[in-house]
Amino acid sequence: MKSIIITGASSGIGHATAELFLREGWRVGLIARRPEPLEALAEGYSNAVPMPADVTDAAGMQVAFDSFGHLDVLFNNAGLFGTPGTIDEISLDDWTQVMNVNIGGMFIAARLAFGQMRRQDPQGGRIINNGSLSAYVPRPNSVCYTTTKHAVTGLTKTLSLDGRPFGIACGQIDIGNAETALLAELKKTQPGTETMDVSNAARSVLHMAGMPAEANVQFMTVMATTMPYIGRG
């Protein structure tokens with residue numbers, strides 16, 4: 001049975017992706033801060049492994065990864081949008097919170113996954129980072145989120161390079177407006193925002209995760225068809 005750990009599994013893209021992988025028969029490690037949503041998600045699935053942890057807590061994440069064992073894939077998904085506004089309206093506390101989760105949390109999870117994949121036998125695995133269209137084209141009033149997603153692209157490229165000697169592939173999925181609670185809030189301030197069903201994002205992650213070891217989807221963009229065209233510059 002192939003295995004995956006999904007951070008931010010209690011809601012949104014993480015929840016939809018976890019449900020799909022569970023239905024597909026993967027052993028799925030579910031990471032989020034609160035245990036109750038993870039337990040509800042795991043109900044009825046013997047292949048679900050709830051592992052409550054805060055992605056910014058390195059010690060707690062270490063315990064979670066150590067308890068899981070052999071790891072084929074990490075979906076490094078947990079993230080925050082943060083308080084919208086122009087840079088002069090953003091408090092330092094809000095900035096720090098988004099940095100800690102979107103960069104610090106992703107670094108911690110990737111570090112643990114990389115180490116596990118390097119040590120295990122057979123060696124290797126795959127890390128999929130959740131980027132965003134904001135990784136290359138910002139939306140208005142998103143200075144914290146956009147900054148972190150540009151950093152995620154740097155993390156993806158570095159891990160992809162450094163993982164080669166150990167059979168560790170790294171790719172990034174950049175998702176444009178999957179319908180989630182986060183997007184529902186955003187649509188209140190940006191009416192007319194075009195969205196797609198979140199299942200499209202989940203299926204895209206499954207495709208990336210299922211690639212053979214010899215192949216890697218380095219970057220994938222999946223977005224609502226009716227969104228304005230967005231290129232990579």
Side-chain angles (χ1 to χ4, degrees), residues 5-9 11-14 17 31-33 53-58 60-62 65 73-118 125-164 168-178 180 182-183 186 201 204-205 208 216-223 230-233:
I5 288 176
I6 298 174
T7 65
S11 62
I13 293 168
T17 303
I31 290 182
R33 286 178 299 170
D54 186 327
V55 293
T56 66
D57 176 6
M61 289 287 285
Q62 181 79 64
F65 272 73
V73 180
L74 166 68
F75 182 34
N76 209 1
N77 166 70
L80 297 174
F81 186 81
T83 302
T86 56
I87 192 168
D88 58 315
E89 298 170 335
I90 305 299
S91 72
L92 291 179
D93 286 344
D94 286 340
W95 164 263
T96 300
Q97 182 186 30
V98 178
M99 295 302 112
N100 286 346
V101 174
N102 293 14
I103 300 178
M106 276 212 167
F107 175 88
I108 289 169
R111 178 177 181 272
L112 290 168
F114 194 102
Q116 172 64 32
M117 292 170 181
R118 182 177 180 175
R126 189 179 305 274
I127 297 170
I128 301 170
N129 292 326
N130 191 351
S132 169
L133 293 185
S134 294
Y136 44 102
V137 178
R139 65 174 75 248
N141 298 314
S142 66
V143 62
C144 297
Y145 184 78
T146 296
T147 300
T148 62
K149 292 305 181 180
H150 277 71
V152 170
T153 299
L155 177 66
T156 298
K157 291 177 178 179
T158 303
L159 294 179
S160 188
L161 177 63
D162 291 348
R164 289 176 182 176
I168 301 170
C170 184
Q172 179 171 315
I173 183 165
D174 296 318
I175 299 167
N177 292 359
T180 63
L182 186 152
L183 259 294
L186 188 66
S204 299
V205 176
M208 294 174 74
N216 182 39
V217 178
Q218 181 77 81
F219 291 96
M220 176 187 284
T221 300
V222 55
M223 57 189 279
I230 298 176
R232 278 193 170 269

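We use all heavy atoms of the structure for the numbers below, so side chains are in, but hydrogens, waters and symmetry mates are not.
Counting only N and O atoms by type, the side chains of D94 and T83 include a donor and acceptor under 3.5 Å apart.
Closest approach of G14 and I6 over heavy atoms only: O-CG2, 3.9 Å. Taking all atoms of both residues into account, the shortest heavy-atom contact from A110 to L159 is CB-CD1, 3.8 Å. The minimum heavy-atom distance linking G8 with A78 is given by the pair N-CB, 3.7 Å. Annotation for N216 and C170: closest pair ND2-O, 2.9 Å, computed over non-hydrogen atoms. Shown here for F81 and S142, the closest heavy-atom pair between the two residues is CZ-CB, 3.7 Å. Closest heavy-atom contact between L112 and Q62: CD2-OE1, 3.3 Å.
Q116 contributes atom CD, which lies 10.0 Å from atom CD1 of I168 (distance to the nearest 0.5 angstrom). Rounding to the nearest 0.5 Å places OG of S134 at 11.5 Å from CD1 of I175. In this structure, CD1 in I31 is found 10.5 Å from CG in D54, a value given to the nearest 0.5 Å. With rounding to the nearest 0.5 Å, the separation of CD1 in I128 from CE in M220 is 9.0 Å. One finds the OG1 atom of T146 at 10.5 Å from the CG atom of L133 (value rounded to the nearest 0.5 Å). Note that CZ of R126 and CG of L74 are 12.5 Å apart. Values are rounded to the nearest 0.5 Å.
In this view, T86 and D88, E89 satisfy the side-chain hydrogen bond (donor to acceptor under 3.5 Å, both in side chains) rule, not counting sequence neighbours.
When side chains are defined from C-beta on, N129 counts as touching L155, because their heavy atoms get closer than 4.5 Å. Here the side chains of F75 and I173 are in contact, with some heavy-atom distance below 4.5 Å. Between T147 and V143, some side-chain heavy-atom pair lies under the 4.5 Å cut-off. Side-chain contact check for R139 versus N177: some heavy-atom pair is nearer than 4.5 Å.
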> Given D93 and S91, is the side-chain hydrogen bond (donor to acceptor under 3.5 Å, both in side chains) satisfied, shown in steps?
Replying inline: CA-CA 5 Å; D93 286 344; S91 72; 5.3 Å; no

>> As a quick check of understanding, evaluate side chain to side chain contact (heavy atoms under 4.5 Å, CB included) for V73 and M208, giving each step before the final call.
In response: CA-CA 10 Å; V73 180; M208 294 174 74; over 6 Å; no

> Going through the checks in order, is the side chain to side chain contact (heavy atoms under 4.5 Å, CB included) test met by V55 and I108?
Replying inline: CA-CA 7 Å; V55 293; I108 289 169; over 6 Å; no

>> As a quick check of understanding, evaluate side chain to side chain contact (heavy atoms under 4.5 Å, CB included) for M223 and D174, giving each step before the final call.
In response: CA-CA 8 Å; M223 57 189 279; D174 296 318; over 6 Å; no

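Of the possible donor and acceptor atoms, none in the side chain of S160 sits under 3.5 Å from a partner among the backbone N and O of T156. Side-chain N or O atoms of N141 include none that pairs as donor or acceptor with a backbone N or O of P84 at under 3.5 Å. Q172 places no side-chain N or O within donor-acceptor distance of the main-chain N or O of N130, the cut-off being under 3.5 Å. Here the side chain of N102 pairs a donor or acceptor atom with the backbone of L80 at under 3.5 angstrom. Side chain of T7 to main chain of N77: a donor-acceptor pair is present (N/O by atom type, distance under 3.5 Å, no hydrogens or angles).
Other residues, nucleotides and ligands contribute over 12 non-hydrogen atoms within 6.0 Å of the CG atom of L161.
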